[in-house]
Amino acid sequence: DCAILYGSDMANFSSISQALEENNAALKCENADAITKNFETLLCDISARKRLASNALFWAESQTAGILKRVENLIFKYLPKSDIKLKGQ
């Protein structure tokens with residue numbers, strides 16, 4: 001649930017970065033100036049930041065088909081029991 005900025009060296013994740021950009025879920029920053037400009041924009045424009053974050057979350061959830069829940073269950077299996085309630089429980 002956050003806005004995503006990424007650099008130009010995404011060779012190992014080219015399909016993911018392309019899909020995120022196509023779905024208005026991340027901003028590619030070619031250089032330091034672009035990072036600064038986009039960061040300032042997102043800090044000042046709450047609706048743009050929320051929209052980018054929401055699009056990223058929507059895209060990620062559409063790709064996972066339950067993987068996040070499976071990973072969560074695997075992690076919790078090894079953690080000690082706690083009375084702490086997590087978001088969504």
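FYI, the numbering just counts along the sequence from 1. Everything numeric in this text was worked out from a predicted model, so none of it was measured. Values reported hereafter were calculated over all heavy atoms of this structure, with side chains retained and with hydrogens, waters and symmetry mates removed.
- Partner L42 forms a side chain to side chain contact (heavy atoms under 4.5 Å, CB included) with one of K37, K50, R49 and no other, that one being R49.
- Separation of atoms CD1 (I4) and OG (S17) is listed at 11.0 Å; rounding is to 0.5 Å.
- Note on L20: it clusters hydrophobically with M10, by side-chain heavy-atom contacts below 4.5 Å among ILVMFWY residues.
- Summarising the geometry, atom OH belonging to Y6 is positioned 10.5 Å from atom CG belonging to N38; distances are rounded to the nearest 0.5 Å.
- Contact detail for L52 and A25: the closest heavy-atom pair is CD1-C, 3.5 Å.
- A single hydrophobic cluster is not seen to contain both L27 and I16; linkage of ILVMFWY side chains at heavy-atom distances under 4.5 Å, directly or through other members, places them apart.
- Interatomic distance, CG of L5 versus OG1 of T36, reported as 10.0 Å (0.5 Å rounding).
- No donor-acceptor pair closer than 3.5 Å links the side chain of S54 to the backbone N or O of R51.
- Residue pairs meeting the side chain to side chain donor-acceptor pair (under 3.5 Å) criterion with at least one partner in residues 25-35, sequence neighbours excluded, are K28-E30.
- Atom CD of Q18 and atom CZ of F13 lie 15.5 Å apart (nearest 0.5 Å).
- Closest heavy-atom contact between A53 and A3: CB-N, 3.7 Å.
- By the side-chain hydrogen bond (donor to acceptor under 3.5 Å, both in side chains) test, S15 is found to be paired with no residue, residues two or more places apart in sequence or in another chain being considered.
- With hydrogens and angles ignored, the 3.5 Å screen pairs no side-chain donor or acceptor of N23 with any backbone N or O of W59.
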